[in-house]
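Each remark here refers to the structure printed beneath this line.
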Amino acid sequence: MIQLINVDKNYLNGKWPKRQNNSYKGSYGHILVIAGNSQYGGAGILASSAAVYSGGGLVTLATDPSNFTAVHSTTAEVMLINFMDFSELGNALKTATIVVIGPGLGLAAESLRILRYVLEKINPVVPLIIDGSAIDLIADNQIKITHPKAIFTPHQMEWQRLSGIKISNQLPVANQAMVDQLDSIVILKHFQTEIYHPHGERQKIIAGNPGMATGGSGDVLTGILAALIAQSDSLSLGITLGTFLHSFVADQIYETESVVLPHRLIQQVPKILKDLQ
Ligand SMILES: NC(=O)C1=CN([C@@H]2O[C@H](COP(=O)(O)OP(=O)(O)OC[C@H]3O[C@@H](n4cnc5c(N)ncnc54)[C@H](O)[C@@H]3O)[C@@H](O)[C@H]2O)[C@@H](O)CC1
Ligand SMILES: Nc1ncnc2c1ncn2[C@@H]1O[C@H](COP(=O)(O)OP(=O)(O)O)[C@@H](O)[C@H]1O
Ligand SMILES: [Mg+2]
């Protein structure tokens with residue numbers, strides 16, 4: 001038996017980041033979200049707008065150009081680049097302080113090329129959140145992740161594909177052993193999501209509800225995580241805060257709404273984050 005620390009509202013009391021008077025947009029990170037092919041444009045919109053609404057200072061979305069108009073009309077704060085233009089992507093990777101890759105990226109050869117380029121070019125000190133299609137591409141192509149600040153956010157099937165551990169066997173001892181082997185942080189998403197650090201701390205999020213079982217919930221988590229990491233003193237604190245905030249906001253909505261629509265979750269974040277601070 002190994003222990004998980006229960007993370008609830010009380011546990012995080014006093015740990016929420018506050019905005020400083022002498023700050024500016026550059027104080028709260030430049031988040032680069034690489035997401036959304038022509039089929040899954042919504043994933044890119046949800047991830048990038050979640051980063052904006054959670055307090056990220058600057059947010060750039062690298063996506064399929066067919067999504068540009070939709071992004072502009074839903075979240076004007078998001079800047080855009082074409083994810084297939086490696087000159088633009090390379091420049092964006094130079095200025096990013098945190099990167100998300102994978103929501104709705106798809107499994108095409110072009111998606112794999114983008115993933116490989118990012119893994120090669122990303123600055124080793126920049127946290128990299130790896131989600132959705134990027135997890136599947138890594139599993140399918142047996143890519144070894146050497147990035148020192150990689151954070152995987154799999155759902156149970158993605159974790160099965162990445163780790164080889166069947167969903168029914170995804171228990172803390174087995175999960176921790178695989179996380180140690182991967183040497184990357186893993187946020188294993190389900191009811192009461194678990195956070196595993198290699199050779200380190202493990203946490204269980206005491207929040208969340210079945211209203212979140214709808215497409216796009218996980219895409220939103222990546223943007224919230226990126227913004228909270230950007231605003232927190234440490235990577236591990238930002239991960240805990242972001243993962244809890246996602247489920248906590250969902251719980252407020254679920255009190256009165258039977259499904260937690262991902263875009264509505266995003267809209268509630270600024271108010272609830274202010275209350276927590
Ligand atoms: N609006 C959009 O553009 C959306 C895009 N999405 C993107 O679509 C791509 C494919 O992701 P999916 O997760 O749909 O596809 P996956 O194929 O990765 O996962 C779905 C499969 O896993 C199984 N499964 C077992 N346990 C599960 C669990 N706990 N949670 C989820 N699935 C479980 C399902 O039965 C199904 O067969 C990702 O890149 C994702 O980011 C999704 O987020 C949905 C919304
Ligand atoms: N029954 C549930 N109870 C609590 N949380 C859930 C439940 N079902 C899904 N979630 C949450 O919703 C999110 C789903 O992520 P994911 O499957 O990646 O969604 P998508 O890829 O469609 O955006 C995760 O944060 C997960 O913890
Ligand atoms: Mg997902």
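Note that this is a predicted model, so its numbers are computed, not measured. Numbering of ligands and ligand atoms starts at 1, following listing order.
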- Minimum non-hydrogen distance to atom 12 (O) of ligand 2, winning option of A207, G104, S217: S217

- Query: Is the closest N or O pair between Q39 and ligand 1 shorter than 3.5 Å?
  - Reply: no

- Task: Mark up the atoms of ligand 2 that fall under 4.0 Å of a heavy atom belonging to G216, in ascending order.
- Result: 20 (P), 22 (O), 23 (O)

- Task: Please confirm whether H155 comes within less than 3.5 Å of ligand 1 when only nitrogen or oxygen atoms on both sides are compared.
- Result: yes

- Residue part near ligand 2, for T193, under 4.0 Å between non-hydrogen atoms: side chain

- Task: May I ask you to decide if S66's main-chain N or O and S38's side chain share a donor-acceptor pair within less than 3.5 Å?
- Result: no

- Might you check, step by step, whether the distance between atom 8 (O) of ligand 1 and some protein heavy atom is under 4.0 Å? yes

- Item | Contact (N/O only, under 3.5 Å) between S133 and ligand 1 | yes

- Task: Kindly indicate whether a cation-pi arrangement holds for K15 with Y11, taking the cut-offs as under 6.0 Å to the six-membered ring centre and within 45° of the axis.
- Result: yes

- Near P210 (heavy-atom distance under 4.0 Å), the atoms of ligand 2 are 1 (N), 2 (C), 3 (N)

- Query: Non-hydrogen atoms of H246 versus ligand 2: any pair closer than 4.0 Å?
  - Reply: yes

- If you scan protein heavy atoms around atom 26 (N) of ligand 1, the nearest is I167 CD1, 3.7 Å

- Under 4.0 Å from ligand 2, counting heavy atoms only, is it the side chain of V220, its backbone, both or neither? neither

- Item | atom 3 (O) of ligand 1 - nearest protein heavy atom and its distance | A43 N, 3.0 Å

- Ignoring hydrogens and geometry, is there a side-chain-to-backbone donor-acceptor pair from S73 to A70 under 3.5 Å? yes

- Query: Under 4.0 angstrom from ligand 1, any heavy atom of G218?
  - Reply: no

- Is there a heavy atom of G132 sitting under 4.0 angstrom from any atom of ligand 2? no

- Query: Does G102 have a non-hydrogen atom less than 4.0 Å from ligand 1?
  - Reply: yes

- Looking at atom 18 (O) of ligand 1, what's its closest protein heavy atom, distance included? R161 NH1, 2.8 Å

